[in-house]
Each structure stands twice: as C-alpha cells, then as structure tokens.
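Values below: every heavy atom of this structure, side chains too, minus hydrogens, waters and symmetry copies. Here is the naming used below: chain letters follow the sequence lines, and residue numbers restart at 1 for every chain.
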Amino acid sequence: MERYRTHLMLCAGTGCVSNKSFKIKEALEEEINKRGLQDEILVVMTGCNGFCAVGPLMVVQPDGIFYQNLTVDDIPYLVEEHFLKGRPVPKLMYFPHEEKEVIPRMADIGFFARQTLIALRNRGLIDPERIEEYIARDGYRALAKALTSMTPEEIIRIIKDSGLRGRGGAGFPTGRKWESRRRQKGEPKYVVCNADEGDPGAFMDRSIVESDPHSVIEGMIIGAYAIGANEGYVYIRNEYPLAVKRLKVALGQAREYGLLGENIFDLGFNFDIKIKRGAGAFVCGETTALVASIEGKPPEPRQRPPRTTLWGKPVVINNVETWATVPVIISRGADWFASIGTEKSKGTKVFSLVGKINNTGLVEVPMGITLREIIYDIGGGIPNGKKFKAVQTGGPSGGCIPADLMDLAVDYERLTEAGSMMGSGGMIVLDEDTCIVDVAKYFLKFTNDESCGRCTSCREGSEALLEVLDRICNGEGEEGDIVFLEELGEAIKDASLCGLGQSLPNPVLSTVRYFKEEYEAHIKYKKCPALVCKGLISYYIDPSKCQACLICLRNCPAEAITGGKNQLHVIDQSKCTKCGICLDVCPTRFGAVTRLSGEPVPAPPPPEERVLVRAKLSKEKGEIA
Amino acid sequence: MPKIKVEDLDKISEEVRRITLLREGAGRAKITVHMGTCGIAAGAREIMNTLLVEIEQRNIKDIILATSGCAGLCSKEPMATVELKGEAPVKYIELTPEKIRYIFSEHVLGGKIVGEYALAIGSERVG
Ligand SMILES: Cc1cc2nc3c(=O)[nH]c(=O)nc-3n(C[C@H](O)[C@H](O)[C@H](O)COP(=O)(O)O)c2cc1C
C-alpha cells in the first residue's frame, strides 16, 4: 500500500457524485487493473473539491494535474496516455474562459490560486472516511494541545482574541458565547453543531461535513471542554444523506480511537456526540427552533431568552464552519488568525458561488477580499459575455449588491452597510438578463413558504409583500406600491419574533434601494427591462426576418402560431402562454423571434401579404455571391 | 483499533504521511522518472520500481516520486530528474537499476551529485 507512485484524488462530493464520479472510479480501477498499474496508482475518493462547475473532477498527485468534466468514455485513453505513457491529456484539462491554452496544474488555476483554506484545509487531500488521514494532516493535535496544556479559560481567551465570529449567519463573537455559557449555572451543559443549512443555493456546510467531518468533531470536543459539556449534538438535515453517512463513519472511528467517549486520550475528559436529523425546514436552523426540534417539540422559534437553553440547560450552538475553524485557531494561535481579514471580521469565509457565473463552486477567501476579486478572479466572470448586474448575498435574509459596489471589501460590516449581509455565505450572481423584481419575488416566495406561521407579521406580512410583487410582475403594479413595500417591510422587521421574519423583507428592501428604476419601469411603464416577467412581455415574430421554416409553429405547445409553408408566421397574442419555446427554437441565423416589453406588439401583416417572397431573397443572395 | 494516547498521533501520522505527502506535492526531494513511450520502452518502469523498493525498504517518508512524459532526449532514456528542496534539478541519463540505486544513496540521500551519470545540472525546472 505504500508503493503507489501516483494518487488520483477523485472528487466524491455530492455534486460530482450526482455526475457519476463513482462510475468514473469503477472505470479507472478497471482500466488501471487492465494495464497492470494497480500497485502503482491509487484512486482516492475525496470530499468536495469546490470547483463543482467542472465536475466530475480529479487531481493527479504529486504533479497536481487537474482533470475536469470526466466521463467514463474518457478513462481508457486517459489511463493509457497519462498513467501508462506519462503524457498528461490536455483535452481533459481546465480551459479558462476567453483564453486559448489549457491550464494543467490545479495550483495555477485562478479558482484555486486565490483561495485561502482554513475551514476547508483538508478538502480534496484526504479520504474523509479514514480518520488516519485526518490525523496525518495534523488532525486531533489541537485537541491534544487543549487537553494536555490548556485550561478551559485559556481556550476561551484564545477564541476571543482570535476574533472568530459565528459563520452561520449572525456573526456573533464565538469566544464571548462560550464564555457566557461556561459561566452560566446548570448541569449538564451541551454543545450543538448547526448543520441545518437551509439557504437556497448554499452548500458550504454540507461540503465541510462531507469532505472533512473530523474537523467539525474536533472543534466540538474542544468547545465542549472549554464550556464544560459532556454531550453534543449535530443537527443535520436529512436531505444530506452523504454528509450524514460520512459523519456517522467519522464518529464511529473517533469513538474507536477513544477521541470520543469516556476518558479521551486517557486525560480524564468525557464527551460524545449524537446525530439529530432534521426534516429540512429553513426555520429549524434558527437557534430556538433548533433546540425545540432536538427536544422533540415542534420546531417553532420561541421568545428568545437572554441565553437559549436545551432542556433548560446551558448550550453552545455554533455553525459547522465555525466548529471546523476552531482546531486551526487552537493550533496556530489567536494572533495568526487575527492577522487575516479586516478590523472586525477576522479569518476566512466560505462562500458558495452560484448563479450566472462561469466557475460555480465553493470558495474560501480571506475577509476583506473584494466582490470583484471573487466574481472575476476566482469565479471567472459572467458566462456568454453578459454584463454583471448584482450579487445576492446572505440568502433569503440578505440583499442584492449592485455592480457599482463591486469593489466593496467583503466582511460583516460592509455587507450590512450595503443593505445585505454575510449570512451563511450564499453568493448568487445575477446578470443583465435577470429581473431584479423577479429575484426579490423568488426569495420572498421561499420565506413565505418557510415561515412557521407563528407571528402574524411574518406569516401575513410575507403574503402581502408577495402579493404586491406578483402584481408588479404581472403588469398590475400601481402608484404607491414601492412605498407600501418599504413601509410594510420595515413593519415586518420590527414585529417578528425570530430572524426569519426580521430579515425576510431584506431582499425586497435592498432591491428597492438599488434598483428603484427597475421597479418603476414595471409599475409605471409596464416594462420588464430584463424581459423576464411574463405579464409584461410579448413574443413577436419579425416579418422581415421570418423565413417561414415552420420550426416555431410546430413546437408551440399552445398552437398559438399560424402560418405555413411560404406563409410568414404570426403569433396569436391571445393564445400565447409566453413559454418562450419559439424564441429558443428559432434558428439563430434567422433571429426572427424577439421579446418586447413596454411597447405595443406591431400588428402582423394582413393575411394577403404574408406570402414569403423567396425568389427575391435568393436573388439577393446570388448577387452577394 | 485500540484507544489512542496523545503520543500515538505521531505514530499514526508517520505511517500515513508517507502516503498523503505525495498529494501535497511537497517533500525533501522529488524524483521524476520520465515515462514517455520511449522511456518505458527503454526500461523506465524498472527504474521506477527500483526507486519504489528503495524508498520502501529504507522507510523514507518525505521523498516524492513522480512520473512525467518524455524529456525530449529519447536516445538517452531511461532518464530521471532529481530535485532536492531548494536546489537546481539534475537530469540523469541512460539509467539502470544499479545506477539509480547509487544515485539514490549518493545524491538523494547524501546530497552529492553523481556527475558521471548526469546530463546537465540546472538546465530546466521540474514540476
Ligand atoms: C431563519 C433562520 C435560519 C437559520 N439557519 C441557520 C442554518 O441553517 N445554519 C446555521 O448555522 N445557522 C442558521 N441560523 C443562525 C442560527 O440562529 C445561529 O445564529 C447560528 O447557528 C449560531 O452559530 P454561529 O455563531 O457559529 O454562527 C439561522 C437563523 C435564522 C433566523
């Protein structure tokens, strides 16, 4: 087992697995065996590598060659060329957008080169189902250090001095939370890991648990020792089966090694962790709802006491990423951590970068990095040459930051000032084809669905906001709607019990703030500038471009297109459902189907003038040729 | 698996690190065997296996063994490049198992370049 010359680090995160990375593994092993290389080359299934846009992906070590978008059919050639003959295969390498040459080595690809890994320090480097590999990357050293040479107070001091703030949303200083729970009376005490991760488009916590579960476990043991807890829970949504499985394996191995259970390291400290699976409601991630769920009660937020308790006892609840960061701070010290980041936001933050962006994936960057660096240097910019419009951060509680704030340094304070928030690290990139009112509506629909219904302001308020947004998108917006959205939004914030209600108006308020003209265009001019809102757009076939090819006519599910061979096609606006299929199928060389908004649809030519005069066209063509 | 003590972390690390080190692309020395078609035909696989056995028998954990394609000098295959941390790479040519074993103990472990088998020193970068 020691003699492998090459390790193939094949990504087995959820994204790559759904793109069949296990099939790739089988194909690799089969081909490697066929070539007699099985004693030289080892295939390792790792957790999420982060560059999900190009999965299934694989890194060949020690050379660091990066292969992407692998298919089973690529494998025989790849094995023969690279692993037998030693010639890396360029056609499977990363191809940066707008460049001509491939980039062979992972370390040279902008997506990776600009990241700083703390919480994700082991991603892609270890097999998450082997505790020994975690240990070999300095795993459980921080725990050993804490238990052998530090008092709980010293640990809390270090976490406080490091400036670490919670990564789950609110950004509360972790050390202060631990200190208050250590002092709080009541036995037993608990620690909880919040792995509910309900934000749409967010997957940083899932990825950490999948790729490095021991980092979370080690953090929790240290936290438990610091506050004096002997029992912990990981609250994880059931929709994360791979994460749950890897966590179970990790907990089992940690127990066998005596890193959980009685008398850890024979140093007299006892602690164990149970898994509590949640059914995946967004609100379950909220602290008081989460503890209610663990207690077996309905997961409704409660009036927040000064300190949340579990079964009436003290509890520290931290996010997955927060826990995973703790061991590194203990090992490397508060000063080191505090040297990364900005004045009040220390260290790094993991973001899930999704939406209209070339390099979709998971990135960890130092606080204070600009949005521009994240979106262009790491994210590779916007696909298809489109213009960047805004980035939505902070999930359903967050807001949209427009293009002119691209140079904003990303930290807790700046994002809040800009009317958005850090949240748990969702980052959804919007391009010029995205309608901002539609985006606000999307998030509101989400929070409206996920509201537990307890507070009228949240339950009914979200409904009322949604109704207005629906009207605006349907072309029924009225004067005064914007003021109403703003006033109701503020009222919901004030009157709701938990963070869900208090923050659900943010996507509306921030878009009204930065994109008021777009709202006004919808309301006053019945125009959707991005050509998205169905109630405000019409599809139109330009008679000067239509070639009567019958394609749109045959594909229209509403049979709304009339015409025929040599008969110009015309859309019957009263039948059109605005599905957009005609636009998709119209050959680009004709480009006859267009969308109109805010202007009347031109009347079609009278029926007698709909005959397509091809002779003229071919004559013209002839002249050109 | 028995319950472990703090000291055991080192033991486990040592055992596993030899494997995982390879993935980090870092080590005291890196030996690249040129395994293009020409290299393989000339016996590069044997050179590779000799090195693997050397490393295994001496229980060495911080030396990386890598492969690469043809080095462009097919007539002098099999070839290997030795790169000690912080030093210029050295290319060795027309290798045999005996020669590579000698190079391994003299240069890789001992730090002394074996001039008689070397092609050029520091002529290009590896990696
Ligand atoms: C509606 C709502 C949903 C939340 N969902 C999550 C979540 O999925 N994961 C999480 O860690 N925190 C979530 N939070 C934040 C938690 O209430 C809490 O602040 C956090 O888990 C504390 O850990 P931290 O200090 O490490 O961030 C949510 C808050 C609200 C109001």
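- With sequence neighbours excluded, no residue forms a ring-ring contact (aromatic ring centres under 6.0 Å, His included) with Phe104(B).
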Given side chain to side chain contact (heavy atoms under 4.5 Å, CB included), test Ile31(B) with Arg5(A) step by step and report yes or no. CA-CA 11 Å; Ile31(B) 311 171; Arg5(A) 63 175 160 94; over 6 Å; no

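- Of the two parts of Leu260(A), neither the backbone nor the side chain holds a non-hydrogen atom closer than 4.5 Å to a non-hydrogen atom of chain B.
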Between Arg141(A) and Asp10(B), is the side chain to side chain contact (heavy atoms under 4.5 Å, CB included) condition met? List the steps. CA-CA 9 Å; Arg141(A) 301 291 168 125; Asp10(B) 280 338; 2.8 Å; yes

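- With Lys3(B) contributing its side chain and Asn263(A) its backbone, the two residues share a donor-acceptor pair below 3.5 Å.
- To the nearest 0.5 Å, the span separating CE on Met48(B) from OG1 on Thr6(A) amounts to 6.5 Å.
- Taking Ala44(B) as the reference, Val33(B), Met35(B), Pro78(B) meet the side chain to side chain contact (heavy atoms under 4.5 Å, CB included) condition, with sequence neighbours excluded.
- Using a 4.5 Å heavy-atom cutoff, the side chains of Lys30(B) and Asp63(A) are in contact.
- Two residues are said to be in side-chain contact when any heavy atoms from C-beta on lie closer than 4.5 Å; Arg137(A) and Val16(B) fail this criterion.
- Using a 4.5 Å cut-off between heavy atoms, Glu262(A) contacts chain B through its backbone alone, with no side-chain atom that close.
- For CD of Glu116(B), the number of neighbouring non-hydrogen atoms (other residues, nucleotides, ligands) closer than 6.0 Å is greater than 12.
- In plain terms, the two heavy atoms of Ala136(A) and Ser13(B) that are nearest each other are CA-OG, 3.7 Å.
- Taking each heavy atom of Leu9(B) and Ala144(A) in turn, the nearest pair found is CD1-CB, 4.0 Å.
- Of the listed residues (Leu84(A), Leu267(A), Val59(A)), the one with the most heavy-atom contacts under 4.5 Å to chain B is Leu84(A).
- Heavy atoms closer than 4.5 Å to chain B are found nowhere in Leu147(A), neither backbone nor side chain.
- Your options are Ile4(B), Asp8(B), Ile12(B), Val6(B), and the one with the most heavy-atom pairs under 4.5 Å with chain A is Ile4(B).
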